[in-house]
Amino acid sequence: MVERTRYMLDEDKIPRAWYNISADLPVPQAPPLHPGTHQPLTPDDLAPLFPMALIMQEVATEREIEIPGPVRAAYAQYRPSPLVRAHRLEKALDTPAHIYYKYEGLSSAGSHKPNTAIAQAFYNKQEGIKRIATETGAGQWGSALAHAGAIFGLEVKVYMVRASYDQKPYRRLMMETYGASVVASPSMETESGRAILAEHPDSPGSLGMAISEAVEDTMKRDDTHYSLGSVLNHVLLHQTVIGEESILQMEMAGEEPDVIIACAGGGSNFGGIAFPWLGRTFRGGRKYQIIAVEPLAAPSLTRGKYMYDYGDTAKLAPVAKMYTLGHDFVPEPIHAGGLRYHGMSPQVSLLKHHGFIEARSVHQVPCFEAGVQFARTEGIIPAPESTHAIRVAVDEALAAKKSGEKKVILFNLSGHGLFDLTSYQRYLSGQLEDYEYPAKEVAEALSHAG
Ligand SMILES: *Cc1c(COP(=O)(O)O)cnc(C)c1O
């Protein structure tokens, strides 16, 4: 008999509502502050940046927020996404653990990012906006928004972190093929970009810098809004389709996860898979072990400070209470570009601070080692970001082997790595290096955070 491998849902099982964890949070979220006045932000402060529908989602307290018809229709191209039991990986590890992964790599961009890009483009179009400016680290967010813009007829301008712009020409070409215009950040097109280049002409860029440029671009034009691919409440909200589907699929499998794992850059795919499960716990259900995995080169949750800090380098973006390494901390150019951010989602930070979730940080070489083992067993070449989740899933499965425990592990495979083969080339030829945890730079950046 063949053991069941894939748990598929019909199209009519695409969730009808996003799950809003604000309805169930045991501790209220600290309000975000205006970067100039340091007073709590009002919806009017945010109106130049975002459509009102998203601003209201940012502060919404109802548990379920209906997914608009055109968004569900666009989701239908790649959702519900599959849940897969990793039989061959389990066998290779010789573990009694059962390993399941939710695979978000079948979307246009090849990651979970379209789950929010489609929703954000829809609400902007509805409000009469013509153009969206954004930043992208590894290029995944830029390509997701470029396609979402094409779906709803919006112009898209992308400030792409210099290190990725140079390492990943195919991501840039993908965005341009979808119709977006792309510039390397820091760029000469904005004041904040020019200021950084004047001081550091060879700057590899960072998400913090690229956010500054995209926000400045937005502020200078009436027809333009800004869009962020992670960190904010409404982004994590849109990603909860992942977790909602995974609950139905684990039911089909007849199991409940003991451990739930995802990588965390700004926290959106982590929140996406974890929040619907956490919500069940908060409403009186059982507790799950939930682990966010981040790179040791940018370890906000495990080595940062929980405090108010700016979301970007130029201090144009809102100030939020979160785990931060300091807004001017520039992480090493590790290959998981999507995880190079100084801060973390305020909701994920709050949950970590109060002990509802755990965090671990890992070096990139062992992550690639787990990623290659995954590719050789399951056939999917994971995004470098996703290898962080795989590393910890493998570690948990090996721990279960030692203790003989029949643990059920669920992790989010946030995307594929087919545009990241240069990173795999470096790993396979033994050239990939681990960066020491930059304790001195973090201490320095934290001394002027907030
Ligand atoms: C962007 C990205 C991440 C990191 O972002 P989060 O908001 O933390 O999810 C992780 N994996 C992939 C494949 C990405 O594209």
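Ligands are counted one by one from 1 in listed order, and the atoms in each one are counted from 1 as well.
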| task | Within a distance under 4.0 Å of any heavy atom of H112, pick out the atoms of ligand 1 and give their elements. | result | 2 (C), 3 (C), 9 (O), 10 (C), 11 (N), 12 (C), 14 (C)
| request: Please work out whether any backbone atom (N, CA, C, O) or any side-chain heavy atom from C-beta onward of V231 is under 4.0 Å from ligand 1, and answer side chain, backbone, both or neither. | output: neither
| query | Relative to each other, are the rings of H234 and F50 parallel, tilted or perpendicular (30° and 60° limits)? | reply | perpendicular
| remark: re atom 10 (C) of ligand 1, the protein heavy-atom contact at minimum distance is E385 CB, 3.4 Å
| said: Between ligand 1 and Q140, is the shortest N or O to N or O distance under 3.5 Å? | reply: yes
| message | Side chains of S361 and T302: any donor to acceptor distance under 3.5 Å? | response | yes
| task | Answer yes or no: is there an ion pair linking E64 with R16, defined by an N-O contact shorter than 4.0 Å? | result | no
| Per-atom contacts of ligand 1 with G415, taking only distances under 4.0 Å to non-hydrogen atoms | 13 (C)
| said: For ligand 1 and G266, I'd like to know whether there is a polar contact (N/O to N/O, distance under 3.5 Å). | reply: yes
| Where ligand 1 meets S230 - atom numbers and elements under 4.0 angstrom, heavy-atom basis | 6 (P), 7 (O)
| remark: Atoms of ligand 1 under 4.0 Å from any heavy atom of S111, numbered from 1 in the order shown, are 13 (C), 15 (O)
| field | Minimum-distance protein heavy atom relative to atom 3 (C) of ligand 1 | value | K113 NZ, 3.6 Å
| remark: Looking only at heavy atoms, the pair that brings V235 and G229 closest together is CG1-O, 3.4 Å
| field | Polar contact flag, side-chain donor to acceptor under 3.5 angstrom, Q120-T116 | value | yes
| Which part of A264 is near ligand 1, with near meaning a heavy atom under 4.0 Å away: side chain, backbone, both or neither? | backbone
| F270-ligand 1 polar pair, N/O distance under 3.5 Å | no
| query | Are any of the heavy atoms in Q239 under 4.0 Å away from ligand 1? | reply | no
| remark: of all protein heavy atoms, closest to atom 8 (O) of ligand 1 is G265 N, 2.6 Å
| said: Regarding ligand 1, does S414 bring an N or O atom to under 3.5 Å of one of the ligand's N or O atoms? | reply: yes
| Carboxylate-amine/guanidinium proximity below 4.0 Å for R79 and E104 | yes
| task | Could you tell me the residue and atom name of the protein heavy atom closest to atom 4 (C) of ligand 1, and the distance to it rounded to 0.1 Å? | result | G338 O, 3.4 Å
| Which ligand 1 atoms does L339 reach within 4.0 Å, using its non-hydrogen atoms? | 4 (C)
| query | Which word best sums up how the rings of Y288 and W277 line up, parallel for under 30°, tilted for 30 to 60°, or perpendicular for over 60°? | reply | perpendicular
| Does the T190 side chain pair with the main chain of E213, one donor and one acceptor, at a distance under 3.5 Å? | no
| message | Using ring pair (Phe, Tyr, Trp, His ring centres under 6.0 Å), reason through Y427 and H335 one step at a time and then give a plain yes or no. | response | CA-CA 10 Å; Y427 170 76; H335 289 267; over 10 Å; no
| field | Stacked cation flag K157 on Y159, 6.0 angstrom / 45 deg | value | yes
